[in-house]
Amino acid sequence: MKPLGPIPAGFSAIDGELAIAGRKASALAAEHGTPLFVYDAGLLTARVGALRAAMPARLALHYAVKANPFGPLLAHMAGLVDGFDIASGGELEIVCTAQIDPVRVSFAGPGKRDAELAAAIAAGVTLNLESAREAERALEIGGKLGVTPRLAIRVNPDFDLKGSGMKMGGGAKQFGIDAAKVPELARRIIAAGCEWRGFHIFAGSQALDAAAIIDTQAQTLDLAARLAEETGAALPKCNLGGGFGIPYFPGDVPVDIAAIGAALGERFAVLPDVLAGTAFCIELGRYLVGEAGVYLTRIVDRKESHGEIFLVTDGGLHHQLAASGNFGTVVRRNYPSAIATRFGAAVEEEASVVGCLCTPLDRLADKGGFPRADEGDLVAVFCAGAYGASASPMLFLGQGPATEILIQPIH
Ligand SMILES: *Cc1c(COP(=O)(O)O)cnc(C)c1O
């Protein structure tokens with residue numbers, strides 16, 4: 001039997017069934033069909049509240065939209081966080097549709113097309129510049145539009161976030177501008193008359209080790225101070241990146257945000273003069289939304305092959321690519337999952353939960369321990385609030401998207 005990942009806090013059982021925001025899984029599935037992504041608005045609110053309580057008041061919180069761009073979820077986040085980070089013109093349209101003020105939005109990501117730059121500049125979005133050439137194109141487009149572009153420079157730092165699942169800095173990267181070249185470019189765009197918005201320094205993603213995050217934030221502040229000195233201009237804003245991970249796999253433990261907040265508070269108390277007036281933020285995706293989402297899928301077949309049990313569901317990797325182990329993981333390990341219609345029941349057998357796609361990659365749980373489940377039972381895959389619906393190949397095999405819902409808790 002292979003272990004399953006840890007089920008996040010905030011879920012309980014009602015009548016022996018998984019309850020999400022106080023509603024039974026079977027009732028949600030009956031009302032909305034399966035496969036279904038359910039996002040619990042109460043858990044989102046609680047998560048942002050706990051993070052705010054742990055971080056220094058001076059630190060603004062941004063949400064990285066690519067983790068989950070579902071409209072109702074974004075609208076809910078708009079009342080909780082200070083800013084939004086987008087990474088495409090499509091995400092710009094999504095935040096505008098969600099009625100989010102573009103002044104709260106910054107736009108990072110390589111390969112921004114002219115039309116995307118123009119739309120962002122016209123709306124008043126801050127551009128996190130990824131190259132010197134992109135800086136020139138932004139200035140030119142601002143000139144043509146008669147709008148002063150708001151420009152920040154994304155720095156490719158000389159360090160990375162230790163232990164992170166995805167490294168986004170350190171060495172040759174398609175992201176950002178090498179730190180050594182930043183001061184000259186900053187002087188150039190300030191002289192050209194942009195609205196200078198400072199630095200964006202993102203070193204990695206999905207880290208659970210607080211010590212590594214603390215170390216990276218300290219290095220980030222040192223780098224920001226040095227680059228601001230060399231630029232010779234006050235630094236209005238500094239985005240310190242993010243990287244806070246969530247426990248997906250057996251043995252993972254939650255990141256210690258109290259330790260990170262305390263260390264950052266100490267650093268903020270002794271900032272060098274060049275950062276005295278700087279507004280700081282972090283940008284987080286999965287940490288804010290990942291654990292608030294559950295993917296529900298129904299078992300359509302139960303079969304045995306060479307002595308192994310397969311629970312075949314109506315969902316699969318076309319909605320939950322990451323849970324199948326095919327999105328940025330080297331070794332496949334099991335996400336947290338459960339038989340939602342027998343939640344909390346004792347383990348009775350070893351079974352693999354597979355999807356309905358015609359590929360052996362489509363496995364949501366590999367040889368996990370579950371209570372006995374049959375046709376009609378529901379499977380819950382947890383940690384489905386980030387990089388699920390929008391980061392999976394929903395068109396594969398003509399399957400199409402899953403339904404998504406955001407629900408408020410019943411009191
Ligand atoms: C992907 C990304 C994020 C969010 O990463 P998470 O691991 O979901 O927190 C934040 N900032 C940038 C620039 C990104 O590319």
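Ligands are counted one by one from 1 in listed order, and the atoms in each one are counted from 1 as well. Keep in mind the model is a prediction, meaning the values are calculated, not measured.
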Rounded to the nearest 0.5 Å, the OH atom of Tyr39 sits from the CD1 atom of Ile407 at a distance of 12.0 Å
For ligand 1, which atoms sit closer than 4.0 Å to a heavy atom of Ala64?
3 (C), 4 (C), 10 (C)
Looking only at heavy atoms of Phe202, does any of them come nearer than 4.0 Å to an atom of ligand 1?
yes
Residues Asp215 and Lys162 bridged, charged N to O under 4.0 Å:
no
Which of the numbered atoms in ligand 1 are under 4.0 angstrom from any heavy atom belonging to Ser205?
5 (O), 6 (P), 7 (O)
Judged by heavy atoms only, the candidate from Phe244, Tyr63, Tyr387 nearest atom 5 (O) of ligand 1 is Tyr387
Within the supplied structure, the quantity of interest is the number of heavy atoms (other residues, nucleotides, ligands) at a distance under 6.0 Å from Glu93 CD; does it exceed 12?
no
Please determine if Asp82 and Arg52 form a salt bridge, counting it only when a charged side-chain N lies under 4.0 Å from a carboxylate O.
yes
In terms of side-chain geometry, is the basic nitrogen of Lys66 or Glu91 positioned less than 4.0 Å from the acidic oxygen of its partner?
no
At a 4.0 Å threshold, what atoms of ligand 1 neighbour a non-hydrogen atom of His200?
13 (C)
Salt bridge check: are Glu229 and Arg226 linked by an N-O gap of less than 4.0 Å?
no
Does any N or O of ligand 1 fall below 3.5 Å from an N or O anywhere on Gly243, backbone included?
no
Heavy-atom nearest option to atom 1 (C) of ligand 1, drawn from Glu283, Lys66, Glu130, Arg286:
Lys66
